[in-house]
Amino acid sequence: AQSVTQPDIHITVSEGASLELRCNYSYGATPYLFWYVQSPGQGLQLLLKYFSGDTLVQGIKGFEAEFKRSQSSFNLRKPSVHWSDAAEYFCAVGAKAAGNKLTFGGGTRVLVKP
Amino acid sequence: GAGVSQSPSNKVTEKGKDVELRCDPISGHTALYWYRQRLGQGLEFLIYFQGNSAPDKSGLPSDRFSAERTGESVSTLTIQRTQQEDSAVYLCASSSRLRNYNEQFFGPGTRLTVL
């Protein structure tokens, strides 16, 4: 069975500072990996995804993530956060063999200090 | 085009009542998923429809939960005899064969509160 762990429940970061959110997954084959963002009162928005190929993927809003097979990780990064990045971030894993259903981590809530 | 829509946006019900939640997927999306998000937690998979295939019901937490889908359009999630632990946001998502079914587009959710 696939699983996703986001070790950090909350992260507080100053505006303009860099941000890294951790994600570790467990899956027997090469997974499809996703990062979603959920802002207060908003639905889930896809930030980026990894299916295959280049292990460093670029997403929207200046986010990027790196797939590291050896570490079973898919950490999300942003060089300089903006106040509007305050939200909850979810890492998810999916695979065709699993019927494409997504397994989500518990989420990391990001607070941005002025 | 329009995204995934869900109704109602909020539902308050009394324990023991039945509720129906509706999802309208993006037109042309053959795959449809239901997830549940309890307060402060990640999303849990409930059920998955793909075209005319039998649905994957492996995530339904009890037999009080059921879902139907009419062809490749609207889906209804029904919870019978609601319990307080059913309180959550119920999210629907759809995806397309053109995107290998792995990019799911989510609706805004229905917030269910069971008193």
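Quick note: numbers below take in every heavy atom, side chains included, and nothing from hydrogens, waters or symmetry partners.
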Item to check | Enclosure of Q83(B) CD (heavy-atom neighbours >12, cutoff 6.0 Å) | outcome: yes

Item to check | Full working for side chain to side chain contact (heavy atoms under 4.5 Å, CB included) between Y36(A) and Q104(B) | outcome: CA-CA 10 Å; Y36(A) 284 86; Q104(B) 296 180 21; 4.0 Å; yes

Checklist entry - Around L115(B), counting heavy atoms of other residues, nucleotides and ligands shown, do more than 12 lie under 6.0 Å from its CG? => result yes

Checklist entry - Is the count of non-hydrogen atoms from other residues, nucleotides or ligands lying under 6.0 Å from I9(A) atom CD1 greater than 12? => result no

Checklist outcome for this item: The interface call for L46(A) against chain B, heavy-atom contacts under 4.5 Å, is side chain

Checklist entry - Are F104(A) and F45(B) near enough that their ring centres are under 6.0 Å apart? => result no

Next on the checklist: Counting only heavy atoms from other residues, nucleotides and ligands, does the tally under 6.0 Å from CD of E14(B) exceed 12?
Outcome noted: no

Checklist entry - At what distance, to the nearest 0.5 angstrom, does NZ of K101(A) lie from CG of L46(B)? => result 11.0 Å

Checklist entry - Transitively linked via ILVMFWY side-chain contacts under 4.5 Å: L91(B) with L60(B)? => result no

Item to check | Working for side chain to side chain contact (heavy atoms under 4.5 Å, CB included), residues F105(B) and Q45(A) | outcome: CA-CA 8 Å; F105(B) 296 83; Q45(A) 182 180 23; over 6 Å; no

Checklist entry - Looking at Y35(B), Y33(B), Y48(B), which hits side chain to side chain contact (heavy atoms under 4.5 Å, CB included) with L102(A)? => result Y35(B)

Next on the checklist: Quick check: do T103(A) and L43(B) have side-chain heavy atoms less than 4.5 Å from each other?
Outcome noted: no

Item to check | Region of Q37(B) that comes under 4.5 Å of a non-hydrogen atom in chain A | outcome: side chain

Checklist entry - Do V4(B) and Y90(B) belong to the same hydrophobic cluster, where Ile, Leu, Val, Met, Phe, Trp and Tyr are linked whenever their side-chain heavy atoms lie under 4.5 Å apart, directly or via other members? => result no

